[in-house]
Structure formats: C-alpha cells, structure tokens
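The next block holds one structure in the form of structure tokens; read it before the comments.
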Amino acid sequence: MTEHLPFQVMGKPTGPRCNLDCTYCYYLEKEELYPDVKRFTMPDAVLEAYIRDYLASQAGFPSREIRFNWQGGEPTMLGLDYFRRIVDLQRKHLPRGKTIANTIQTNGTLLDDEWCAFLKDNDFLVGVSIDGPRELHDRFRTYRNGRPSHAAVMAGIERMKAHGVEFNTLTVVNRENAAYPEEIYQFLKDIGSTYLQFIPIVERTADGHSLAPAPQIDEDGVTYDVTAWSVLPRAYGDFLCGIFDAWISRDVGRVFVQFFDLQLGLWMGAPATMCWFAETCGQGPALEHNGDLYACDHYVYPEYRLGNVMEIPIAEMMASDAQRQFGLDKREALPAQCRSCDLRFACNGGCPKHRFLKTKDGEPGLNYYCRSMARFNRHAGPAMKVMAHLVRSGRPASDIMQLRRSGRLPGASAVAGRPGRNDRCPCGSGLKYKQCCGRP
C-alpha cells in the first residue's frame, strides 16, 4: 500500500523558471499551468510548511536519513540566502534521531566560489547536467539568446572540484549525442565524474501534453512521431551497449553508472531503486513552487494534482486513493506482450509516460524504449548474470574485469565463447556452468 512505502518529493522551488532554454526541456512549458504568475519563487510560508510537513511524513520510516531533492527549472537562481533559509528550516524542524541530506540538480552555470563553499559546508550532493563535450552539449543546451552554455558549466564544475564539493553528472541522451557513447563516457570520466546518470529524451504530441512533432524514421524504417531531438529506440540501445563495453572493460567498482547499478540489482532479484523499472510507481511526487503536489515529475498536469501542502498534509495526499491507483496503474495496464516477456524483471514495462507504442498484436501500451531494453539485455545480460553471481558469492562485481582479461569471459558482452553446460563456470564458483550462471 502506498501509505506504507517511503517516498521522496522532488521539490521545485523555482517551478519551471530557468536561465537556460534547452531545446528538449519538457518542464519549461509548465509556465502555462500558472499563467498569472510572474515570479516563480516558493514563498517562505510554503517553503516552511513543506519542510516541516515532509520531515514529519518521513519520521516513521526506518531510514535515519531524510533526503531533500531540489530541482527546477534552475534552483540556484533563487540565490544563496534562499538556500541558507532552507538549511535553517530543516534544522529547526528535524525530528529526533534523524539526519538530513540535500541534493540539488543544477546546470552549473551560476556556481561561483561562494556557492561552492556553501555546498561543501552543508554537504550538498550536486547533480550537474552536462551532455558531453562542447560540440554535443551546446547542440541543445543554450541560453535564451542562443549563446552556448558549455564553458559556463565547465567553470562551475572546476569550482566545485576546487572546493571539494561532491558531484555527479546527468546526461540527457538525445538524437545527436547518442551516436558517441565512448566519447561521452571518456569525457565524463576526464572531468572527474565517478557517478553517471543517463536519461533518454523523447517528446511527442499524441498525449496532448508535449511539443510539436517532427516525424522521423529510425534505422529500420519504422516511423515515430517524435521531435527531432528525441533519441530513437535502437540508437539508445546501442548507446547503452557502448557505455557498458567501456565500463566493464576497466571501470567496474571505480565508476558507477546508475543504469547499470539498477540493472545489476534487478538481475540479483532485488527491488528496483528507480521508479522507471519498478513494478508499480507513485513514490516520486513533484512539488511546485506554490505548494501544489503532483503525482510525478512526468505528470505535472491538472488532472494529476493531489492537492496543496498549505491545505493537506503530504502523507495524506500520498496515501490518497488517486495516488495509490496512479502507482498501481503501471502494473495493471501492462500489455500482454510485456507480461509474458522473459525480460520483464529488468524493466516492468518502463515509465508509463513512454508507453505510447503498440505491441506486435496491436495492443496499446508498449514502451517506446522496449527495443532499447531488449538490445541492452541481449548484449549485457550474460555479464550481468556473472556479476550477480560474483556478488552473491561474496566477491566484488569488479572481479568480472579479471575474468574478461583472462579470457574466461571472451567478447564484449560475455556472449561469445559461452562455455559448455558441463564446463566449469567462468565466474569462479567451482560449479558446472549449467548449475551456475548457465541456469535459465
């Protein structure tokens, strides 16, 4: 039941307000929800109500840490004094026995030395949005006047490194940069990122909520009514495989890729730690600047508004029938093709926002990224299975690199040269392959 599950609110104190005008940003259009608003800033009364209420809603969960996620728009546009108030209010209302962790997602362009000192002193984890080297990043991530932003982002990253601020990177995979997985991976490593997030972008008009379409044709002649910047399914699958091959060759245990961490957990039978891959969803609501709470960051539309924190406690909104059903719909609306798929455990149909294709039987509800997931799991699944067995055996997943170098895992994805059923399993367990990693 939703009311018994922990949830994390995505706080948007600036709403959709941003100093950049990224071509693919789906959140800038949220200004239309509040046509009379001139200044998107969460008022002090709403801010305190949210912090007090959210802390109270998390007090009963086992975790000692309560995490606040600050996003936008661009949250640093609020200025340092605003975030100093946030920290003060968190300390004021902190429940006994709990600690607070803050994360902030930013484009990095406004991070000066004072900002970086504050982030370091208050242990903020910073997520920086950067789409790769300059020529790839600046294709879509520009200022409103069209000026490129890559240089300013890099300056912010260098300041964070100088101040010892912990940061990770978020890269939007789009039509342009999807063709350069190895270059992007190496670039992110070179700038000092050891935790990498890759988020694919797709926008369409069929749901009535998205941007103007530009019908495109993918590599196999299939037409998709998506925007010109949307990454195509096969291209995204190839991108993931390219990143995986670079990572598994030399960086397992040193560089952490969110998608691979999630997939390894699923191959081990653990529950998904990200809503996209979970069987049900509904534990990631979004809070707008005026206190309106929405079912999900991808569903900030009037019909998915749960209420306002100035009127209804967050815990009550999250336990509502509407939110519970929203979460269950992800599983209940899964088409037959997905329910019978042997890779269902690895994606559970993906995000409902992306389920706008039809199955091979003509049933609606197939995820746009289905081919991407199938491509990745065919390529990386055998290696994932070996890593899962290594971890279960008390060995680090990074041992797979030694197995590959020794020739016991030939091929980029551990598929080529698969041992015979009665051969010793290459993971080092001492069992026959058919009794270990070769089991169905």
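Fair warning: this is a prediction, and the values are worked out from it, not measured in the lab.
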Inset, instruction - Sequence neighbours left out, what pairs pass side-chain hydrogen bond (donor to acceptor under 3.5 Å, both in side chains) with at least one residue falling in residues 9-19? - result: K12-D297, N19-N107, N19-T109
Legend entry - Residue pairs fulfilling side-chain hydrogen bond (donor to acceptor under 3.5 Å, both in side chains) with at least one residue in residues 49-58, sequence neighbours excluded: none
Legend entry - Intermediate values then yes/no, ring pair (Phe, Tyr, Trp, His ring centres under 6.0 Å), Y294 and Y299: CA-CA 7 Å; Y294 291 87; Y299 285 86; over 10 Å; no
Which distance, rounded to the nearest 0.5 Å, do you find between the [atom1] of [X] and the [atom2] of [Y]?
| X | Y | atom1 | atom2 | result |
| --- | --- | --- | --- | --- |
| I312 | L306 | CD1 | CG | 8.5 Å |
| L110 | T76 | CG | OG1 | 4.0 Å |
| M10 | L287 | CE | CG | 11.5 Å |
| K92 | I51 | NZ | CD1 | 10.0 Å |
| F140 | D21 | CZ | CG | 13.0 Å |

With a 4.5 Å limit on heavy-atom distance, are the side chains of [X] and [Y] in contact?
| X | Y | result |
| --- | --- | --- |
| Y185 | D245 | no |
| F198 | L188 | yes |
| W276 | H354 | yes |
| S149 | T142 | no |
| H389 | V386 | no |
| T23 | R139 | no |

Tell me yes or no: between the side chains of [X] and [Y], is some donor less than 3.5 Å from an acceptor?
| X | Y | result |
| --- | --- | --- |
| T169 | Q197 | no |
| H150 | E135 | no |
| S63 | E65 | no |
| D321 | Q325 | no |

For [Y], does its backbone N or O pair with a side-chain atom of [X] as donor and acceptor, under 3.5 Å?
| X | Y | result |
| --- | --- | --- |
| R339 | L334 | yes |
| S193 | L196 | no |
| D88 | R91 | no |

Closest approach of [X] to [Y] (non-hydrogen atoms, all atoms of both residues):
| X | Y | answer |
| --- | --- | --- |
| P285 | Q8 | CD-O, 3.5 Å |
| L390 | A397 | CD1-O, 4.0 Å |
| Q283 | P6 | CG-O, 3.1 Å |
| V252 | M401 | O-CE, 3.4 Å |
| V153 | H137 | CG2-NE2, 3.9 Å |
| I104 | P75 | CG1-CG, 3.7 Å |

Inset, instruction - Report the C-alpha separation of H163 and L119 in whole Å, then their side-chain angles, then the decisive distance to 0.1 Å, and conclude whether the side chain to side chain contact (heavy atoms under 4.5 Å, CB included) test is met. - result: CA-CA 9 Å; H163 285 267; L119 295 170; over 6 Å; no
Legend entry - CA sep, side-chain torsions, deciding dist, call: N102, Q90, side-chain hydrogen bond (donor to acceptor under 3.5 Å, both in side chains): CA-CA 10 Å; N102 283 290; Q90 289 172 335; 2.8 Å; yes
Got a sec, which residues hit side-chain hydrogen bond (donor to acceptor under 3.5 Å, both in side chains) with [X], two or more places apart in sequence or on another chain?
| X | value |
| --- | --- |
| S129 | Q105 |
| R305 | D292 |
| E32 | none |
| Y27 | E288 |

Determine, using ring centers only, whether [Y] and [X] are less than 6.0 Å apart.
| X | Y | answer |
| --- | --- | --- |
| Y368 | F356 | yes |
| Y180 | F239 | no |
| F40 | H289 | yes |

Inset, instruction - Please lay out, stage by stage, how S249 and R404 fare under the test side chain to side chain contact (heavy atoms under 4.5 Å, CB included). - result: CA-CA 8 Å; S249 297; R404 285 171 56 87; 3.6 Å; yes
Inset, instruction - Starting from the C-alpha separation in whole Å, work towards a yes-or-no answer on side-chain hydrogen bond (donor to acceptor under 3.5 Å, both in side chains) for D131 and T171. - result: CA-CA 5 Å; D131 288 354; T171 299; 5.1 Å; no
Legend entry - Stepwise side chain to side chain contact (heavy atoms under 4.5 Å, CB included) test for R141 and L20: CA-CA 7 Å; R141 299 188 64 83; L20 296 186; 4.1 Å; yes
Inset, instruction - Identify whether the distance between the nearest side-chain nitrogen and carboxylate oxygen of D251 and K189 falls below 4.0 Å. - result: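 Yes, D251 and K189 are salt-bridged.
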Inset, instruction - Answer yes or no: is there an ion pair linking R395 with D399, defined by an N-O contact shorter than 4.0 Å? - result: yes
Inset, instruction - Check step by step if side chain to side chain contact (heavy atoms under 4.5 Å, CB included) holds for Y26 and V202. - result: CA-CA 9 Å; Y26 68 91; V202 60; over 6 Å; no
Scan the side chains in residues 255-274 for donor-acceptor partners under 3.5 Å anywhere in the protein, sequence neighbours excluded, and list what turns up.
| residue | atom | partner | partner atom | Å |
| --- | --- | --- | --- | --- |
| Q263 | NE2 | A346 | O | 3.0 |
| W267 | NE1 | N377 | OD1 | 3.2 |

Inset, instruction - Could you list the residues that satisfy side-chain contact (heavy atoms from CB on, under 4.5 Å) with R84, not counting sequence neighbours? - result: L80, D81, E114, F118
Legend entry - salt bridge (charged side-chain N to carboxylate O under 4.0 Å, His left out) involving E158 - partner list, sequence neighbours excluded: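 Residues passing salt bridge (charged side-chain N to carboxylate O under 4.0 Å, His left out) with E158: K161.
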Legend entry - With sequence neighbours excluded, residues passing salt bridge (charged side-chain N to carboxylate O under 4.0 Å, His left out) with R85: D44
Inset, instruction - Can you label the angle between the F68 ring and the W70 ring as parallel, tilted or perpendicular, going by 30° and 60°? - result: parallel
Inset, instruction - Apply side-chain hydrogen bond (donor to acceptor under 3.5 Å, both in side chains) to the pair R371 and Y236, showing each step before the final yes or no. - result: CA-CA 9 Å; R371 292 183 62 200; Y236 179 52; over 6 Å; no
Inset, instruction - Determine which pairs satisfy salt bridge (Lys or Arg N to Asp or Glu O under 4.0 Å) with at least one residue from residues 274-285, sequence neighbours left out, and list them in order. - result: E279-R344
Legend entry - Contacts of type ring pair (Phe, Tyr, Trp, His ring centres under 6.0 Å), residue Y143, not counting sequence neighbours: none
